[in-house]
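Below is one structure, written out as structure tokens, with a few remarks after it.
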Amino acid sequence: MALQSATLGRFWLGAQTAKGSVSTQNSGNLYAFKANLVDVAPAQMVRNVGQLVGGSFLPGGSIKTAAWSGGAMVCPPPLESSIGWLLHAFAGTVSTTDNGDSTYTHAFPSAADDTAPAKYLTARRQIPAGTTLYEQMLDQVPYRLLFAFAPGEYATMRAEMIGRTFTSETAPGWTFANAEDEDSVPIACKGHFELPDATPVTTATGVSLELVNIIPPLQRVLTVGNYYPFDFPVLGRALTVSFSHLWEDKTLYESLYYSTGEWNPVQYSSSFELEVQSPGFITGALPYKLNFYGQTVDWSCQPLRLAGGDLVEMQMTGTVVDSSSGSDWYLALTNGAADYTWPT
């Protein structure tokens, strides 16, 4: 026996046709993901019965009462192809545009955000050992995506998911093939940032997107007669944009606080768009792209602080809210994949 390197582990995701059905995408091999951290794993609930009359000073034994699966994957997100299935599962719908140059743009969701996602993923992981451990976890529901973009760095993504049943497989023959390279990972120094439309913010020092599908807590979906949760339906969304930018003038600050010199009680809202691009190309000189757009974002800012010997910097937070018409928000992925039609 010997200690093992986690780097030699493997992780896959694949779209399911329905709840409880193992994904058969990519000829049954699913889609391979390279990541800095994977803790998507089986979990179980253990309850101790406590101290008992007729026992001793020590508590009595423990009872397993429920089981589920889930966790997070953290990675520099390649935009080449596989990430689209994760975005589709999170958003629930997709609309694809053929750009006519061997590239395609996929918008998640496809229209106004009024359709609950009902998509499930199969997760697999392989843990190295003298005898390799293979685990398969069904009905994963992505419920939180966190993207971070910092100048001088590559983008990072944290994808959190929760699911139901899990099994240990014996020599399943899973193939870790076509894991995507870093050339399609976007970088913050290549792209643009607008607030509102057509008004560029050129001094941003960092942007983060937190996209949350609000789901019931685990205890709410445990039912009589089943060890596993019944389901994790999406009840709503909370989408937040946070960024810092170096102060150039007072225009944006005044929009949040003042009207003709007096405090303005009216909420400041605007559209917001962020685009980041990869250093590598889909074809020719056409880069991979990831866009986030919010049609109506309610903005607030931290109190403006003056620190001796430093630059003036403004920190802002925006919440995407319901729009009266059109698309409320979307993540748009531009790559060479022709479609993300969900299997049935």
Side-chain angles (χ1 to χ4, degrees), residues 11-19 21-34 73 75 77-124 138-142 145 147 155 157 159 161 175-181 183-186 191 209 211 213 234 237 273-278 280-293 326-344:
F11 184 70
W12 300 260
L13 290 171
Q16 296 179 194
T17 58
K19 187 175 80 169
S21 298
V22 178
S23 175
T24 59
Q25 278 195 306
N26 197 22
S27 301
N29 291 314
L30 312 193
Y31 292 99
F33 283 83
K34 293 179 180 178
M73 171 184 68
C75 67
L79 306 182
E80 186 177 334
S81 178
S82 301
I83 192 176
W85 297 107
L86 178 61
L87 300 183
H88 193 169
F90 179 89
T93 59
V94 61
S95 176
T96 296
T97 300
D98 184 342
N99 299 320
D101 55 8
S102 299
T103 73
Y104 303 83
T105 298
H106 315 277
F108 310 89
S110 60
D113 197 10
D114 56 8
T115 302
K119 303 289 193 293
Y120 304 93
L121 299 170
T122 295
R124 289 175 178 167
L138 298 191
D139 304 333
Q140 299 298 308
V141 174
L145 300 178
F147 293 92
M157 176 186 73
M161 59 197 76
T175 301
F176 193 78
N178 303 319
E180 294 164 11
D181 294 327
D183 286 351
S184 65
V185 173
L209 305 175
L211 315 179
N213 282 341
V234 175
R237 294 198 215 267
E273 182 174 10
L274 170 70
E275 178 181 296
V276 287
Q277 302 176 2
S278 68
F281 302 108
I282 307 168
T283 182
L286 300 172
Y288 298 89
K289 300 178 186 178
L290 183 68
N291 292 69
F292 176 81
Y293 179 78
S327 180
D328 300 303
W329 71 279
Y330 59 76
L331 275 171
L333 172 64
T334 300
N335 59 18
D339 69 84
Y340 288 99
T341 302
W342 203 263
T344 57

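The figures that follow rest on heavy atoms only: side chains count, while hydrogens, waters and symmetry mates do not.
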Who are the side-chain hydrogen bond (donor to acceptor under 3.5 Å, both in side chains) partners of Thr96, not counting sequence neighbours?
His106

Check Tyr340 against Ser81 and note the closest heavy-atom contact, atom names and distance.
OH-O, 2.6 Å

Kindly write out the residues that satisfy ring pair (Phe, Tyr, Trp, His ring centres under 6.0 Å) with Trp329, not counting sequence neighbours, or none if the list is empty.
none

Heavy-atom pair of closest approach, residues Trp85 and Leu121:
O-CD2, 4.3 Å

Just jot down the salt bridge (Lys or Arg N to Asp or Glu O under 4.0 Å) partners of Asp328, sequence neighbours excluded, or say none.
none

Per the salt bridge (Lys or Arg N to Asp or Glu O under 4.0 Å) rule, what does the pair list look like for residues 78-106, sequence neighbours excluded?
none

Counterpart residues, side chain to side chain contact (heavy atoms under 4.5 Å, CB included), relative to Ser278 (two or more places apart)
Pro287, Tyr288

Can you see whether Ser21 engages Gln16 through a side-chain donor-acceptor pair at a distance of less than 3.5 angstrom?
no

Might you point out which heavy atoms bring Ala15 and Ser23 nearest each other, and give the distance in Å?
O-OG, 2.8 Å

Who passes side chain to side chain contact (heavy atoms under 4.5 Å, CB included) against Ser110, sequence neighbours left out?
Thr93, Ser95

Between Phe176 and Ala32, which heavy-atom pair has the shortest distance, and what is it?
CE1-CB, 3.4 Å

Ile83, Val94, Leu290, Asn291 screened by side chain to side chain contact (heavy atoms under 4.5 Å, CB included) with Leu331, the one that passes:
Leu290

Tell me whether Trp12 contacts the main-chain N or O of Thr175 through its side chain, where contact means a donor paired with an acceptor under 3.5 Å.
yes

